Amino acid sequence: MRTQSFINYRQWTKRSTAQIMLCLLLGYSGLVKSADSLTPLELQGRQIYQQGQDGSNVTINVTLGLSNTSLSATRFACANCHGAEGEGKVEGNLRIPPITASSLLATTSRAAYDDHRLAQAISTGKSANSLPLDAAMPSYTMTKPQMTALLAYLKRLGSAIDVDPGINQDAIQLGSVLPLTGALQATGTLLKATLDACVAEVNAQGLIYGRHLSIVTADSASTGDGAATATQRLLAENNTFALLARYADDSEMNPSRAESLVPDIAPITFMPKAQTTADAARFYFLPSYVDQARALVDYGVRLPEFTQLKSKSALALIVGEQAVDKLTAERVRQQAKMHGLIIESAVYWQTGKIKPAVKALLAKKPAALFFLGNMQELRALNTLLLQTPQRPILFSLMAMLGREVLQLPNLAFSQVFLATPFADNAVAAQQLTARLKPYAVALQNPSLQSVMCAAVDVVVEGLKRSGRQLSRLKFLAALEGLRNFPASFLPPLNFSPNSKIGVQGAYILGINQQGEQISQSVWITPANAEPTKP
Amino acid sequence: MNNKWLKTVFLLLGLLLIRLEPVCAAPSIIAVESPIISENIQVENQQGHQLSFYTDLIKNKTVAINFIFTTCSSSCPLATAVFKQVQKQLGAQKIHLISISVDPNTDTPARLNTFAQQFKTATGWDFITGDRATINALLQNLEAYSADKTLHTNMVLIGNDKTHTWTRLYGLPSAEAIITAIKQVSPQP
């Protein structure tokens with residue numbers, strides 16, 4: 001099963017000490033034969049070392065001496081035990097040796113390793129002296145080209161050029177994707193200027209461990225496909241350390257495993273993906289539609305107007321055509337049920353066929369409507385309502401409707417309650433205006449502009465906590481430790497290994513019939529249902 | 001002549017020892033004190049079910065217990081792969097497997113479930129977490145507590161509550177060693 005000889009190795013066994021020293025200088029240390037970056041072969045080896053696979057469809061397997069089983073190497077990548085820089089570690093009573101070039105070349109109780117002996121150790125679990133290594137060391141089965149790549153990389157492991165993409169001696173390159181052309185061009189251009197201003201501000205304050213920040217923004221052309229393509233193109237150039245504040249397409253697929261290791265800070269979306277290992281590098285700043293809607297329910301049921309609602313038909317749900325509207329509606333029902341309220345009346349939007357359904361719903365004289373749809377649908381509903389004497393209370397999400405809702409003339413609702421993740425905060429507005437002023441950027445879209453600068457602030461904090469020996473893994477671990485990190489109009493961000501969504505919930509704005517904002521709640525974190533008992 | 005005779009004697013002795021070796025290969029287990037586990041210790045498994053550690057997991061069962069945490073990348077996947085092999089070879093009837101998280105703050109039931117699924121674990125294997133103070137007290141009871149989670153023990157605690165026979169295997173034991181110990185603590189038919 002195991003491939004014993006992958007490479008036509010030179011016979012190293014009789015190599016003199018002098019030859020080994022020469023090899024150390026020329027080959028392993030990288031001191032003389034210095035290159036600026038890893039070669040494609042070494043990069044392939046790096047992926048094998050770090051992930052137990054090389055992105056091809058040729059699976060690398062491990063045989064574990066302890067259990068005599070064969071498994072995929074992705075769970076047993078070299079770096080998991082020997083460390084990202086080959087430094088080794090102690091865990092429990094397991095002592096994992098360092099495997100940097102210098103430690104492999106050192107003659108200790110065993111002979112020095114050469115390519116042949118190293119390939120043997122990796123594939124058969126035998127040391128340079130052909131003695132069995134610790135039983136914890138798996139035996140890897142890989143193809144000859146994969147082994148060649150891994151051995152090539154091991155000579156660079158932990159050296160100055162063995163760094164993640166986008167890290168140079170004096171710079172860290174970041175990437176973003178914004179709509180610089182198309183329908184959202186104006187917003188995209190403003191956000192790019194904001195992002196550039198906040199990066200320039202950081203650089204003006206000094207270097208981070210000797211490095212300055214640079215940022216490249218790719219154009220999404222205002223479409224979801226465009227955003228996905230631009231992101232992939234950016235990553236394919238292999239020169240981006242982290243993505244930040246990129247316009248994310250809500251429908252985009254899960255990232256590939258290689259992409260999933262790229263730090264992705266503050267993607268602009270209200271549909272954060274569920275927490276899986278593949279999404280471990282995504283740090284969301286914005287709460288989901290679902291959590292905002294659940295916060296709205298929790299707020300609503302405590303209103304005095306609401307506690308008087310005893311009739312079941314008093315509360316109705318109007319759901320837009322998007323899949324996310326339906327998903328959010330389902331969670332609104334569950335949240336209401338938790339408070340003992342069953343929502344029986346509901347209308348699911350169908351363009352052109354909505355009038356009779358809404359009329360039938362209004363005939364039940366609901367006192368309050370939960371509306372989960374877009375502004376166009378709300379306008380149509382408002383028009384229908386104006387034809388009736390009914391003026392129910394409206395509950396909805398600012399993130400679904402946009403700020404236009406505040407400018408809607410002739411509101412057909414007695415009151416409106418809108419969930420939003422952004423507080424109306426004069427101090428935060430002043431601070432952001434002052435930050436952007438030197439770079440001639442005006443505050444036109446405070447919410448999103450604040451996310452741009454908060455993303456830069458979080459990246460800077462993560463970099464400061466990671467140190468000069470920077471890697472994506474260290475950076476991600478640093479971000480997992482961020483607690484109560486100020487984020488302008490958003491409440492302070494909290495991340496942990498179990499939560500990559502920085503805030504959950506919403507502020508609830510109260511709007512009167514004249515469209516004036518009359519109240520703003522404290523931040524509401526939605527209550528979770530009691531865990532089910534067995 | 002004398003020398004030759006001596007050589008023959010040593011050779012014969014050597015052969016005899018080699019012949020004897022398989023007999024000595026399965027040393028009997030080193031019995032240890034039964035751990036004292038209060039019936040009041042409430043824990044949670046990977047499905048989020050509230051369990052009494054003693055009543056639901058230990059009482060009248062043959063168990064093997066190891067100590068892991070999901071953010072541990074080196075010894076824990078190995079120890080879990082070893083347990084997987086034990087389960088595969090013995091089946092859930094013969095052994096109940098328990099993996100206790102030494103990092104209950106991070107290891108939520110959902111997180112343990114994801115970890116368990118990566119190893120395609122079958123029923124009869126509970127991944128345990130819970131309130132930090134409770135888990136720490138439990139670990140201390142089982143002599144597996146470590147203030148630093150990365151220095152947690154790779155010991156496997158194997159025992160049968162009915163026969164009160166318990167043993168400890170130290171230092172990442174192999175599946176084979178665990179199975180041998182399980183057979184020895186199990187009540188003989």
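Everything numeric here is computed off the predicted structure, so don't read it as measured data. All chains are named by letter (A, B, ...) in the order of the sequence lines, taking the proteins before the strands, and each is independently numbered beginning at 1. These numbers come from the heavy atoms of this one structure, side chains and all, not from hydrogens, waters or symmetry mates.
Rounding to the nearest 0.5 angstrom, the gap separating the CD atom in B:Gln118 from the CG atom in A:Leu71 is 11.5 Å. For the atom pair CG (A:Asn80) and SG (B:Cys72), the distance works out to 9.5 Å, reported to the nearest 0.5 Å.
Within a 6.0 Å radius of CD in B:Glu176, no more than 12 heavy atoms belonging to other residues, nucleotides or ligands are found. The environment of B:Lys61 atom NZ is dense: over 12 non-hydrogen atoms of other residues, nucleotides or ligands sit within 6.0 angstrom. At most 12 heavy atoms of other shown residues, nucleotides or ligands fall within 6.0 angstrom of atom NZ in B:Lys183. Around the CZ atom of A:Arg465, the shell of radius 6.0 Å holds more than 12 heavy atoms that belong to other residues, nucleotides or ligands. Heavy atoms of other residues, nucleotides or ligands lying less than 6.0 angstrom from CG of A:Leu131 number more than 12. When the shell of 6.0 Å around NZ of A:Lys474 is examined, it contains more than 12 heavy atoms from other residues, nucleotides or ligands.
Counting all heavy atoms, side chain and backbone alike, B:Pro77 lies closest to A:Arg75 at CG-NH1, 4.0 Å. Between B:Ser74 and A:Cys81 the shortest heavy-atom distance is CB-SG, 3.1 Å.
Scanning residues 139-152 of chain B against chain A with a 4.5 Å heavy-atom cutoff picks out B:Thr150, B:Leu151, B:His152, ordered by number.
Proximity to chain A is absent for every atom of B:Asn45, based on heavy atoms less than 4.5 angstrom apart. Neither the backbone nor the side chain of B:Phe83 has a heavy atom closer than 4.5 Å to any heavy atom of chain A. Using a 4.5 Å cut-off between heavy atoms, A:Ala135 does not touch chain B at all.
When each of A:Thr69, A:Ile96, A:Val62 is checked for heavy-atom pairs under 4.5 Å with chain B, A:Thr69 comes out on top. Comparing A:Ala79, A:Ser67, A:Gly65 by heavy-atom pairs within less than 4.5 Å of chain B, the highest count is held by A:Ser67. Listed options B:Gly171, B:Pro109, B:Ser73 were ranked by heavy-atom pairs under 4.5 angstrom with chain A; first place goes to B:Ser73.
Inter-residue side-chain proximity for B:Thr106 and A:Asn498 is flagged as met; some heavy-atom pair is nearer than 4.5 Å.
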side-chain contact (heavy atoms from CB on, under 4.5 Å) evaluation trace for B:Leu172 with A:Leu94: CA-CA 8 Å; B:Leu172 266 181; A:Leu94 197 60; 3.6 Å; yes

